[in-house]
Student: 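Below are the C-alpha cells for one structure; questions will follow.
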Amino acid sequence: MGKFQTSVDRSKTVELLKSLVRINSVNSTLVEGAPGEAEIAEYIASYMQGIGLETKLEEVKSGRPNVVGTLKGVGGGPTLLFNGHMDTVGIDYMEIDPLDPIVKNGKLYGRGANDMKGGLAAILAATKSLVDSGVEIKGDLIVAGVCDEEYGSIGTERLMEEVRADAAVIGEPTGLQILIAHKGFAWIDVETRGITAHGSRPEIGVDAIAKMGKVLVEIERLQEEVLPRKRHELVGSPSIHASTIQGGRELSTYPDQCKLQIERRLIPSEDAKVVNAEMETLLATISESDPKFDGGHQITFIRGPMEVSPDEEICKVLNRSALDITGKEPSFVGGSGWLDTEVIWKRRIPAVAFGPRGEGSHAAVEYVDLTSVIDVSEILKLTTIRFCGISA
Ligand SMILES: [Zn+2]
C-alpha cells in the first residue's frame, strides 16, 4: 500500500478537534436553553465541503441538524458509513473551562473531547487524508455527524431512513477496541392499587404502598438471585433497579395507588417479550400468595441490545487495520451502555463502535488521548480503503 501512505496530519487534526470542542453543542433537549448542534453542524459541513464531499445539512427538528458528507466511489464496491454524534451532555458542573480545550501530557481536555468529538475529528481527518492521498475507492464512504445521541437519538434514526450502507463504524471512545455488542434498556411503570379508607379502618383499607413493597422485594430478588444466572460473554448479566416511587394521599388515609418506575437492562437476545414475561410472572407470584394484591405493569420505553459477529467483514477489516497501524491486535468487546449502533444494527447493517482512548464522558473532567485519536484516524482510513475497495 506504499503510495497510499500519506499520513493523517497530527497538528491539523488536533486543531480540528480543538475547534469542535470550542463550539458549544450541548444537547438542547437534555439541557434547557442549550444551543444544540446547529453551529457545530455548519462547521463540519464547511469542513466536508472543503475536502470535496457531497455535503448535506438537514434539520431533523428545528435547530437540530444532521450533516452528511459522501465521498463518492467509482462504483463496484460496498458502502461504508462513519457516524459520530455532535452533541454533548451539559457543562455546568465541569471543573475547568469546558469550552476552552487545553492540551497537557498528550491529552486534550474539554467537554466532548472523549464523548465524542475526538472520534469525530478522527473520522473527518481520516476522510481528508484519504482524499489527499488521491486513492479512488470503489464503494462510497458516507460520513455523518448526527444530533441528539445523548437524548433520543433522533439524528441517527433520521439518518437511517435516508442512507443505506453495508457496514457502519461509530467513533465512540472504545480505547481502540472493537465494540461488537452492547446492552439495551427498558423503562417500566408498575402500579399497585389499594382501597382508600380512614386510617382507623383497617378492615376496609388496602394499602397500595405496602403492596408495592412486595414488588420491591421481588425486584431485589430478581437482581440478586435470578438475573446473575443469565450471562452474555461480552456484556455480562442483565440487571434491574427501582428508579422512582410515588404514592399516598395524606397521613390518615390508606393509599389507593402507588406508582414505581423501574429500569431493566437487557443483554443480547433479550427483548420486550422477555421483560413482559418476567414482570407478569413476578406480579402473578405475589397475587398467588396475596388475594388483595392488585397490580400491573407497562413498558414505557425500550431500546434493544445489539450484537454483531466478529466474523463480519467490517470487524475483520478493522481488526487487521488496527493491527497494521498500531502493531497491537484489538479485542472484541461489549459495552454496558446503549449506543446509536443499535439504531443502525436493527436495519440489518453490521454496526460497531471503534474510537479513541480517554476518560470522563459525562463527568467533571473529560479528556481524550491525542495519539489515540491519530491512530484511530489512520485505522479508519485504512479500513475505508480495504472495505470499500480501490480501483486498480
Ligand atoms: Zn457518545
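Numbering of residues begins at 1 and proceeds along the displayed sequence. Each ligand, and each atom within it, is numbered from 1 in the order the structure gives. Reckoned from all heavy atoms, side chains included, excluding hydrogens, waters and symmetry mates. This structure is a prediction, so every number in the text was calculated from the model and none was measured.
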Student: Salt bridge between Glu37 and Arg64, side-chain N to carboxylate O under 4.0 Å?
Tutor: yes

Student: Decide, yes or no, whether a salt bridge links Asp140 with Lys72 under the criterion of side-chain N to carboxylate O below 4.0 Å.
Tutor: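 Here Asp140 pairs with Lys72 in a salt bridge, since their nearest N and O are under 4.0 Å apart.
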
Student: Can you measure from CD1 (Ile302) to CG (Leu266) and round to the nearest 0.5 angstrom?
Tutor: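 Spacing of CD1 (Ile302) from CG (Leu266) equals 5.0 Å.
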
Student: Return yes when atom CD of Glu59 has more than 12 non-hydrogen atoms of other residues, nucleotides or ligands closer than 6.0 Å, and no otherwise.
Tutor: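 Result for CD/Glu59: enclosed.
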
Student: Going by atom types alone, do Lys117 and Ser25 pair a side-chain donor with an acceptor below 3.5 Å?
Tutor: yes

Student: Does Glu263 come within less than 4.0 Å of Arg265, counting only side-chain N to carboxylate O?
Tutor: yes

Student: Give me the protein N, O or S atoms that fall under 2.8 Å of the Zn ion (ligand 1), sorted by chain and residue number.
Tutor: His85 NE2, Asp115 OD1, Glu172 OE1, Glu172 OE2

